There are 2 protein chains.
Amino acid sequence: MWHDAETQEASHNVTSEDFADPAAVRRRRRGTPAPTIYDVARVAGVNPSTVSRALNKPGRINAKTEQRIQEAAKQLDYRINPMARALPTGRANTIGLMLADITNPMFFTIVRGAERAASERGYTLLLAESQESGEREAEGAQRLAPSVDALVLVATRLGDDQIRDLAEWKPLVVVNREVGGVDAIVPEVGPGIDEALAHVAALGHTSVAYVSGPTGSWMNRARWDALLDRAPKLGMTVVEIGPGVPTLEGGRDAVTRVLASGVSAVFAYNDLMAIGLMRQIQSQGIDVPGRLSIIGFDDIFGSDFTSPPLTTVRAPLGLVGEQAVRRALSLIDEDLSVPVAELTEEPLPTELVVRGSTGPPLAIG
Amino acid sequence: MWHDAETQEASHNVTSEDFADPAAVRRRRRGTPAPTIYDVARVAGVNPSTVSRALNKPGRINAKTEQRIQEAAKQLDYRINPMARALPTGRANTIGLMLADITNPMFFTIVRGAERAASERGYTLLLAESQESGEREAEGAQRLAPSVDALVLVATRLGDDQIRDLAEWKPLVVVNREVGGVDAIVPEVGPGIDEALAHVAALGHTSVAYVSGPTGSWMNRARWDALLDRAPKLGMTVVEIGPGVPTLEGGRDAVTRVLASGVSAVFAYNDLMAIGLMRQIQSQGIDVPGRLSIIGFDDIFGSDFTSPPLTTVRAPLGLVGEQAVRRALSLIDEDLSVPVAELTEEPLPTELVVRGSTGPPLAIG
DNA sequence: CCCCGATTGCCAATCGATTGCCAGATTCCT
DNA sequence: AGGAATCTGGCAATCGATTGGCAATCGGGG
């Protein structure tokens, strides 16, 4: 297919005649009031309530009438006003999604899964970002809560009590965290870590470190706990280094302490930290995985771009997002005492993805 | 900071007494009806309308009364019901953001900018994804439109006419595209491309290729046009290869044709394609930038993870998102004939970021 | 002491859709 | 044919907040 300058030219001419000016379009807009069910009712010659029923209680109305109304609606290009509907029903058909940091690639995948699950059921996602600040998050949640049917909190910085308070107010699901009394979607850290430890053990490592993430992060603790529990059973020593911010910088900042610790393999709280760590270490002329094997968590976008590509414990983030929303939807149904759509919640195991950043330790290789 | 098993244990005990079971929390939730201005009015001993005015027309009400109402509101933990407010005012305080593909990292940055600009003014973002499908996008836009005050379309697949139709319906801003008669936020491709061409010319390249993105993409065309216009002036030949999908795969798929074209430097429609191209070429044992220099567009997250890190024409995506929302907000104000908040729209120039994927061509080096 | 204007708060209509209740029309059963 | 059951569609109240118009109150000036 060729670049076609003519097409562009032609289309540009048309536009300049009539609507080259954005202001013109705007002016035109102002006049148009959106049609309501009253308009539809008038055209179809029925009562507004009949229109309402025809449009969302199929069968409740005589087929003939129903069709007449459908046609009137189509003719007027009627679309329902969600806000007006939300008032009597109390349901906005929206789900609030609260993220710690939109730019962290781990969230993209979750958002996509969530969006998919939501739009599948006719729900829309309302987005808010806490920018890793508990205060902003509380504020954001308060702002979001009244306009959504349910909340999904991802990697939240809120305290357990705040979360429970919110949960009493609105259906709520937390992701990557567990809070007593609140529905949670958390990938199983165990399987992936078992695989990963088996992997490094097989390579011959006997001492590993964990570069810790934020103190308040539930998932950080979960990963460390799992490591602490299992590594010794495989005959390995394990130390925690940190805490640090869950970003490239956080990883960079841990380098000195990692090297000083003398370990031959290191787990980082997440891929971002792992990558930051790796790049910083490499910039000091140190070989990865020769001198140090590095393992991340999550398998975010870009974790296979590095060289060596990052070995990581993958979390099924897309599924996590999907399930979080599905669970939220089922909570809404439950609130309405509607038979809960049966939740076939697959387990969410993590798994090791072996790439180039792990290898045998120097002493052996 | 040490891992503290006790803390966890303790907190777990508390929860198990009272709310270990999510169902218990849910049950508790059902009873609570949210307080309304009527409740506040009763407590404060005034008329609901007075409450409304006290809460959002500061000064209209006697200071004494106003304070009494504030206190009543606080006491009841009243928060306004946005849906109920939206009905009479016609404003939902939301902006709809429509993306082609949430998982494309280039959008993350835009989303963050948009979210920031929106929440700054008390607006919330409503998210929809078209998954690169025009049909889904049209549907999504229709679904979104009635519940938002304005729409922002990013890298939309819609036709010009569809966009104009939407624009007559709601304030609308398109990003990374220009449509006659519609407000648009588009980074200036010129400066970055000039820099990039100067860069490759200085390195000694005389022939470049452009690996094209989706046919329907306005930005794809804009970049190609700019290249086509400027390269010859610098004494370089330029060919277009494609079109292709704007992903890693799209880049991989272009490899054969790129190599066959005999060029020594290649621009790709975006970083994703550039990276896909680079990795595929490297996997064939071909050196980058030795045999082929590669340049991307956007400077997405991860484009500096590759080795060599990617030289790319950076677009100020965060600013783009911010400005798109700001413009949308100003359109809303304009519709309301409110004095438009003065828009200090900085220009959005692109700039070359030189990293490792460009170098002198073989013949010279 | 009266009048005037400003201030303050209330009344009631309104936004658009939903829904319980009811009445008239049909159908069905025996 | 009589009566019950079922269909249909209309009426009107309701969700929670906003807002134009009005009435009561108050202070001040003459």
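Computed over heavy atoms, backbone and side chain alike; hydrogens, waters and symmetry mates excluded. A quick note: this is a predicted structure, and the numbers were derived from the prediction, not measured.
- In summary, contact between chain B and DNA chain D, defined as any nucleotide atom under 4.0 Å from a heavy atom of the protein, begins and ends at D:dG16 to D:dG21 in the 5' to 3' direction.
- Taking atom CD1 of B:Ile69 as the reference point, atom P of C:dC10 lies 8 Å away to the nearest angstrom.
- The CE-C1' distance, from B:Met83 to C:dT18, rounds to 14 Å in whole Å.
- Among the heavy atoms of the strands lying under 4.0 Å from A:Lys57 are primed sugar atoms or P, OP1, OP2 only; no base atom is included.
- Note on A:Thr36: only backbone sugar-phosphate atoms sit closer than 4.0 angstrom, heavy atoms only; bases stay farther off.
- The residue A:Ser49 sits close to a base: some heavy atom pair falls under 4.0 Å.
- The nearest whole Å value for the distance from the CZ atom in A:Arg60 to the P atom in C:dG20 is 10 Å.
- For the OP1/OP2 pair of C:dG9 and a distance below 4.0 Å, the side-chain nitrogens and oxygens of B:Asn47 include no atom meeting the criterion.
- Residue A:Ile37 is classed as a base contact, given a heavy-atom separation below 4.0 Å to a base.
- When the nearest nucleotides of DNA chain D are assigned to B:Leu87 and B:Arg53 by heavy-atom distance, the more 5′-ward of the two goes with B:Leu87.
- Sparse packing is recorded around CD of A:Glu135, with 12 or fewer heavy atoms of other residues, nucleotides or ligands lying under 6.0 Å away.
- Here the side chain of B:Ser147 pairs no donor or acceptor atom with the backbone of B:Ala92 at under 3.5 angstrom.
- Atom CD of B:Gln67 has 12 or fewer heavy atoms from other residues, nucleotides or ligands within 6.0 Å.
- In this structure, A:Arg53 contributes its side chain and A:Ile61 its backbone to no donor-acceptor pair below 3.5 Å.
- Where A:Gly59 and B:Ser52 each meet DNA chain D at their nearest nucleotide, the meeting point lying more 5' is that of A:Gly59.
- Taking the charged nitrogens against the carboxylate oxygens, B:Asp101 and B:Arg157 have no contact shorter than 4.0 Å, which rules out a salt bridge.
- In this structure, CZ in A:Arg112 is found 4.0 Å from CD in B:Glu129, a value given to the nearest 0.5 Å.
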